[in-house]
Amino acid sequence: MAKALIQMALDSLDFDQTIALAEQVAPYVDILEIGTPCIKYNGLEIVTALKTKFPNNLILVDLKTMDAGEYEATPFYEAGADICTVLGVSDKATMGGVIKAANANNAEAQIDLISVKDKKAVATEAAKNGAQIIGVHTGLDAQAAGQTPFADLKVIAGLNLGVRISVAGGLNKDTIQDTVRAGATIVVVGAAIYGAPSPAESAKELRALVDAA
Ligand SMILES: O=C([C@H](O)CO)[C@H](O)[C@H](O)COP(=O)(O)O
């Protein structure tokens, strides 16, 4: 079985801090995620900058698109995004538009199940429609209310959809191995890395844990 990928969520608003953090963690992670607040604040320029500086990492742009899928996602793919996210609560046509833009750019689309009520139905339909990645995601606000992504991961992994499963929502060194063992093929980590005394050491430790899982 292929090893799970680690995705680092760059959730700062500051352009230079984002690049500096990416420099520290890039050797230990597979995917650099430009978080939603970061991409809204900095726009296309940060996609180009990260793609140029880190050619060995995949770049995920966490657009969380809600409408006008193809129109919104296309410039981000053209700027170098390997993966863009679209909300699973959006219209089927919106998700289809991002999938179309991804395919046109030899890239991938991720359907984010954040706040989706019927996660089974949306994940199944999205996989059937060509989405390459399903994102099981407990957002920062839901985490603050005590929620975790683990029960949802069990449900989505049990569907055996044949697509990659990304999991985000407060993952850390105590939960990351069980998350991989439960079926995550991409594990997303934000606060546990950027909030650590040494983000590089934290990313290195997580790399070892994921590779040993
Ligand atoms: O996607 C995220 C959130 O919705 C803000 O955009 C986070 O990047 C994601 O949850 C990962 O961060 P942590 O939960 O802090 O690991």
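Just so you know, ligand 1 is whichever comes first in the structure, and atom 1 is the first atom listed for that ligand. Only this structure's heavy atoms are used, side chains among them; waters, hydrogens and symmetry mates stay out. The residues of the chain are indexed from 1 along the displayed sequence.
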Q. In terms of residue, atom name and distance, what is the protein heavy atom nearest to atom 8 (O) of ligand 1?
A. D11 OD2, 2.8 Å
Q: If you have a sec, work out which protein heavy atom is nearest atom 5 (C) of ligand 1 and how many Å separate them, to one decimal?
A: L140 CD1, 3.7 Å
Q.
Between ligand 1 and G170, is the shortest N or O to N or O distance under 3.5 Å?
A. yes
Q) Distance only, no hydrogens: is a donor on one side chain within 3.5 Å (strictly under) of an acceptor on the other, for T85 and K64? A) no
Q: Output the list of atoms in ligand 1 that are nearer than 4.0 Å to some heavy atom of Q143, sorted by atom number.
A: 10 (O), 14 (O)
Q: Ignoring hydrogens and angles, state whether a donor on the side chain of N103 or Q132 is under 3.5 Å from an acceptor on the partner side chain.
A: yes
Q: Enumerate the atoms of ligand 1 whose separation from the nearest heavy atom of E33 is less than 4.0 angstrom.
A: 1 (O), 8 (O)
Q.
Considering non-hydrogen atoms of the protein only, which is the closest contact for atom 16 (O) of ligand 1, and what is the distance?
A. G190 N, 2.8 Å
(Q) Suppose I only count heavy atoms of G169 and a 4.0 Å limit; which atoms of ligand 1 are within that range? (A) 14 (O)
Q.
Does K51 form a salt bridge (charged side-chain N to carboxylate O under 4.0 Å, His left out) with D82? I'd like the steps, not just the answer.
A. CA-CA 9 Å; K51 187 73 184 174; D82 297 287; 3.1 Å; yes
(Q) Closer than 3.5 angstrom, by distance alone: can the side chain of S90 be matched with the main-chain N or O of M66 as a donor-acceptor pair? (A) no
Q: List every atom of ligand 1 that sits less than 4.0 Å from any heavy atom of A191, numbering the atoms from 1 in the order shown and giving each element.
A: 13 (P), 15 (O), 16 (O)
Q.
Out of all atoms in ligand 1, which are within 4.0 Å of some heavy atom of P37? Include the element for each.
A. 6 (O)
Q. For L32, which of L58, V25, V61 qualifies under side chain to side chain contact (heavy atoms under 4.5 Å, CB included)?
A. V25
**Q.** Heavy-atom donor-acceptor pair, T175 side chain to L171 backbone, under 3.5 Å
**A.** no
Q | Atom CG of D174 with >12 non-hydrogen neighbours under 6.0 angstrom | A | yes
Q.
Please list, in number order, the atoms of ligand 1 under 4.0 Å from a heavy atom of K64.
A. 1 (O), 3 (C), 4 (O), 6 (O)
Q | Per-atom contacts, ligand 1 versus V189 - under 4.0 Å to a heavy atom | A | 16 (O)
Q. Which residue from K40, M8, H137, Q7 reaches closest to atom 2 (C) of ligand 1 through any of its heavy atoms?
A. H137
Q | Atoms in ligand 1 with a heavy atom of T36 nearer than 4.0 Å | A | 6 (O)
Q) Taking all atoms of both residues into account, what is the closest heavy-atom pair of T179 and L153, and its distance? A) O-CD2, 3.6 Å
(Q) I need the minimum non-hydrogen distance between G169 and P149, along with the two atoms involved. (A) O-CD, 3.5 Å
